[in-house]
Amino acid sequence: MNYTNSITSMHLDVLREIGNIGAGHAATALSKLLNRKVDMKVPDVRIVTFDEMMELAGGDENIVVSVFLRIEGDAPGNMFFLLPTDQAAAFVHQLTGDSTISFDQPPYSEMGLSAMQEMGNILSGSYLSSLANFTNLTLAPSVPALSIDMAGAIVSYGLIELSHKSDYAIVIDTSFKDAESGFDFGFNGHFFLLPDPDSFETIFRSLGVSQNG
């Protein structure tokens, strides 16, 4: 079944609201990490095909920093957060004050990897908690796994169980700014939520939104 034909603007508005609440919680936690007030927004939520998902990641061979987790519970699925290596490094520079850290080639800084792991924990946990609160579903995340690899290899890993049943994902755009100065930190990442096929119906039914619009 192709769900993309039955998902309406109402569905996306609900998902955007969930995303913005999650972003608010994540911003509070990141503000403590960076010791400055961070403003996070979700400018857009879209349904994309796997090919479009790869394009947003910069192409199959583009090297990205990724945080991946498996969602278990009432609406199982996979979740990715992808950042280009230069933007991931910019975040770590802001957090650690060490501008020499880079993700361009191994060996990678243990401090840098630890910082990105913490960022992934905060972001994925905030979005998932928001979704769970809205839907009253039990959603349990696995421990996020950090990887630096070609986007194609990373995304394919999460699609192994889904590709024969589904052909789309929910993408939640995420932007970060300094709340006081308006300075754009330069991190604009993408969250990709890949619910297992039956989980889409479960999520929208729990939100009180008919799958038929």
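Counting all heavy atoms, side chain and backbone alike, Pro195 lies closest to Ser199 at CB-CB, 3.7 Å. Heavy atoms only, all atoms of each residue included: Leu113 and Leu146 are closest at O-CD2, 3.4 Å. Closest heavy-atom contact between Ala169 and Leu194: CB-CG, 3.8 Å. Considering every non-hydrogen atom in both Ile203 and Thr135, the closest pair reads O-CG2, 4.1 Å. Nearest heavy-atom pair across His93 and Ile101 is NE2-O, 2.7 Å. In plain terms, the two heavy atoms of Leu83 and Ala88 that are nearest each other are CD1-CA, 4.0 Å.
Distance check: Asp196 CG to Glu72 CD gives 8.0 Å after rounding to the nearest 0.5 Å.
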Q: Apply the test side-chain hydrogen bond (donor to acceptor under 3.5 Å, both in side chains) to residues Asp149 and Ser147: give CA-CA distance (whole Å), side-chain angles for both, the deciding distance (0.1 Å), then the verdict.
A: CA-CA 6 Å; Asp149 203 342; Ser147 59; over 6 Å; no
Q | Pair Tyr108-Ser102, side-chain hydrogen bond (donor to acceptor under 3.5 Å, both in side chains): steps then yes or no | A | CA-CA 7 Å; Tyr108 304 113; Ser102 170; over 6 Å; no
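The backbone N or O of Thr49 lies less than 3.5 Å from a partner atom in the side chain of Glu52, making a donor-acceptor pair. Not one N or O on the side chain of Thr85 forms a donor-acceptor pair closer than 3.5 Å with the backbone of Val64. No donor-acceptor pair under 3.5 Å is formed between the side chain of Glu61 and the backbone N or O of Ala151. In this structure a side-chain-to-backbone donor-acceptor pair under 3.5 Å is missing from Asp74 to Leu137. A side-chain donor-acceptor contact under 3.5 Å links Arg70 to the backbone of Gly77. At least one donor-acceptor pair under 3.5 Å links the side chain of Ser206 to the backbone N or O of Thr202.
The closest side-chain heavy-atom distance from Ile154 to Phe80 is below 4.5 Å. Side-chain atoms of Met116 and Phe91, non-hydrogen and from C-beta on, do get closer than 4.5 Å to each other. Between Leu69 and Asn78 the shortest side-chain heavy-atom distance does not fall below 4.5 Å. Contact of the Leu193 side chain with the Ile71 side chain is registered, since non-hydrogen atoms from C-beta on lie closer than 4.5 Å.
For an aromatic pair to be called close, the ring centres must be under 6.0 Å apart, and Tyr127 with Phe191 satisfies this.
A salt bridge links Asp173 to Arg46: at least one charged side-chain nitrogen sits closer than 4.0 Å to a carboxylate oxygen.
In this model, a donor atom of one side chain and an acceptor atom of the other lie less than 3.5 Å apart for Asp98 and Thr100.
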